[in-house]
Amino acid sequence: MNTMFDLSYRIEERGIEKGIELGRLSLIRHMLSQQMPVEDIKKYTGASDEEIKKAEEMS
């Protein structure tokens with residue numbers, strides 16, 4: 001029983017992490033679409049160059 005709980009908890013945690021990542025990328029993509037300078041996006045979101053590139057590729 002405990003193993004099933006642990007597994008479902010890990011699945012839930014991964015889902016939450018994925019949702020946060022997608023939300024963050026969506027925000028970065030929106031900021032890029034508004035022609036916000038990359039340096040400002042990094043400053044306000046703490047995004048890395050890799051995250052910004054990934055958001056650009058989503059567009």
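- Listed for the Glu51 side chain is a donor-acceptor partner under 3.5 Å among the backbone atoms of Ser48.
- Counting heavy atoms from C-beta on, the side chains of Glu56 and Ile28 never come closer than 4.5 Å.
- Looking at Glu21 and Lys54, a side-chain N of the basic residue comes within less than 4.0 Å of a carboxylate O on the acidic one, giving a salt bridge.
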Give the intermediate values and the outcome of side-chain contact (heavy atoms from CB on, under 4.5 Å) for residues Met31 and Asp40.
-> CA-CA 9 Å; Met31 294 169 99; Asp40 286 347; over 6 Å; no
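- Between Arg14 and the options Lys18, Glu12, Arg10, a side chain to side chain contact (heavy atoms under 4.5 Å, CB included) holds for only Arg10.
- Note that CG of Leu25 is 8.5 Å distant from CZ of Arg29, once rounded to the nearest 0.5 Å.
- Contact check on Lys53 versus Glu50 returns no salt bridge, with no Lys/Arg side-chain nitrogen under 4.0 Å from an Asp/Glu carboxylate oxygen.
- A donor-acceptor pair under 3.5 Å links the side-chain atoms of Thr45 to the main chain of Ile41, judged by distance alone.
- The side-chain heavy atoms of Leu32 and Met36, taken from C-beta on, include no pair separated by under 4.5 Å.
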